[in-house]
2 protein chains.
Amino acid sequence: MRYSIQEVAAKTGLSSYTLRYYDKAGLLPFVARNTAGYRIFTDGDLVLLHTIMCLKNTGMAISDIRRYIDDVMAGPTSIADRKALLTAHRAKVLAKQQQLTENLREVDYKLGLYAAPDAVTQVQGELAAARADKAANGLADPYPAS
Amino acid sequence: MRYSIQEVAAKTGLSSYTLRYYDKAGLLPFVARNTAGYRIFTDGDLVLLHTIMCLKNTGMAISDIRRYIDDVMAGPTSIADRKALLTAHRAKVLAKQQQLTENLREVDYKLGLYAAPDAVTQVQGELAAARADKAANGLADPYPAS
DNA sequence: TCTTGCCTTAGAGTTCACTCTAAGGTTTAT
DNA sequence: ATAAACCTTAGAGTGAACTCTAAGGCAAGA
């Protein structure tokens with residue numbers, strides 16, 4: 001199957017602007033053109049675009065994705081570089097994932113506090129502690145009158 | 001304890017520029033000043049700053065963090081809004097976490113392929129498939145000569 | 001044929017979150 | 001007293017990733 005830029009936009013959720021931006025950035029050197037210069041995407045292109053989105057969604061910079069695509073275009077000789085690129089990226093994603101989990105636990109803690117039957121009392125306790133901390137340091141109370 | 005902006009920068013890993021930027025954005029209304037206008041952070045402030053960083057690290061926009069801080073300053077009456085804010089945020093973080101896990105699986109799949117003993121053969125297979133897809137659609141081969 | 005709706009490009013504009021500069025005031029050590 | 005090392009502000013600059021505009025070419029239906 002052949003797809004126009006709008007069809008690919010609909011399929012992927014990316015805007016046509018973003019697709020052209022990616023092409024300009026060197027991420028889509030494999031996309032063909034018709035005689036008028038219109039882009040023609042194939043199913044194979046969508047597979048590669050999926051990989052690009054997978055890397056982007058995990059926080060890889062456009063410039064690094066470009067390096068990966070350059071590797072793909074270069075064929076099997078670039079396997080070592082692809083491995084280095086993805087190994088480094090994997091480590092970063094793993095670290096981010098762990099931090100996300102930790103931070104989510106804190107958000108859950110706060111939510112538990114706000115959902116508790118004595119939420120008002122607990123929040124008042126927090127506020128009192130914050131005020132006491134300011135007072136202990138001889139500083140004005142920044143919190144509005146209770 | 002009282003801390004200068006540089007001490008807080010060292011403790012948190014944020015730059016003093018970023019701390020001032022956050023203050024300008026309304027994220028640090030609780031930080032006191034001395035007679036010269038210098039910011040004085042306390043341990044209680046660091047706890048709140050930790051919460052701010054937790055929200056930021058999970059991808060919350062500065063404007064939403066500001067809304068949360070406004071809620072904290074307002075005291076117990078804002079508990080409902082805090083709950084709404086964090087519940088919506090929690091859902092987004094959870095979705096991001098799941099997508100990250102899925103995408104990481106794909107990266108791992110690629111890495112496994114590149115680490116395999118027959119990596120060259122497999123990558124050549126991918127390349128052949130991409131070429132066949134182009135040919136099946138009557139399009140030129142964008143991949144350099146093998 | 002002509003209109004409507006695609007597509008193209010170059011390049012300008014936007015948003016976000018910083019990051020830094022300039023000009024000047026404060027504090028500390030000698 | 002004065003230099004060095006802090007701090008302040010307003011506002012300009014940066015970089016990333018879009019997002020859009022303008023001007024124009026192409027394609028399909030009435």
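Residue numbers start from 1 in every chain, and the chains themselves are labelled A, B, ... in the order their sequence lines are given, proteins ahead of strands. Scope of the values below: all heavy atoms of this structure, side chains included, with no hydrogens, waters or symmetry mates.
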Can you see whether B/D81 engages B/Y68 through a side-chain donor-acceptor pair at a distance of less than 3.5 angstrom?
no
Hydrophobic clustering (ILVMFWY, side-chain heavy atoms < 4.5 Å, transitive) - are B/Y17 and B/L28 grouped together?
no
Using atom CD1 of A/I40 as one end and atom P of D/dC26 as the other, report the distance to the nearest whole Å.
15 Å
Nearest-angstrom distance from the residue atom CD1 of A/I65 to P of D/dA16:
13 Å
Mind calculating the distance between CZ (A/R39) and P (C/dC6) to the nearest angstrom?
17 Å
Go through the side-chain N and O atoms of B/T42 and A/D133 and say whether any donor and acceptor fall under 3.5 Å apart.
yes
Out of curiosity, A/L55 CG to A/L86 CG, how far, rounded to the nearest 0.5 Å?
6.5 Å
Report yes or no: do B/M73 and B/M60 belong to one cluster of Ile/Leu/Val/Met/Phe/Trp/Tyr joined by side chain heavy-atom distances under 4.5 Å?
yes
Whole-Å distance separating the CZ atom of A/R66 from the C1' atom of D/dC18
18 Å
Do we see a donor-acceptor contact under 3.5 Å between the side chains of B/T51 and A/E106?
no
Shared hydrophobic cluster, A/L46 / A/M1 (ILVMFWY, side-chain heavy atoms < 4.5 Å)
yes
Atom CG of B/D23 and atom CZ of B/F30: how far apart are they, to the nearest 0.5 Å?
8.5 Å
Give the nucleotide from the list C/dC6, C/dT8, D/dT8 with an atom nearest to the side chain of B/R20.
D/dT8
Could you give the CD1-to-C1' distance, from B/I5 to C/dT27, as a whole number of Å?
17 Å
Review item, nucleotides 16-26 of chain C N/O atoms under 3.5 Å of protein N/O:
from: C/dC18; atom 1: OP2; to: B/Y22; atom 2: OH; distance (Å): 2.7
from: C/dG25; atom 1: N2; to: B/Y38; atom 2: OH; distance (Å): 2.5
from: C/dT26; atom 1: O4'; to: B/Y38; atom 2: OH; distance (Å): 3.2

Carboxylate-amine/guanidinium contact A/D71 A/R82, below 4.0 Å:
no
What protein N or O atoms touch nucleotides 13-15 of chain C N or O atoms at under 3.5 angstrom, if any, and at what distances?
none

Whole-Å distance separating the CG atom of A/L19 from the P atom of D/dA17:
16 Å
Just the rounded figure in Å: distance from C1' of D/dT8 to CD of B/Q6.
13 Å
If you take any heavy atom closer than 4.0 Å to DNA chain C, which residues from residues 41-52 of chain A end up in contact?
none
Base, sugar-phosphate alone, or nothing: which one does B/S4 contact when heavy atoms must sit under 4.0 Å apart?
sugar-phosphate
Please determine, by modelled atom types, if A/N103 and B/T58 share a side-chain donor-acceptor pair under 3.5 angstrom.
no
Mind running salt bridge (Lys or Arg N to Asp or Glu O under 4.0 Å) on A/D45 and A/R39 for me, showing each step along the way?
CA-CA 11 Å; A/D45 294 346; A/R39 288 172 188 82; over 6 Å; no
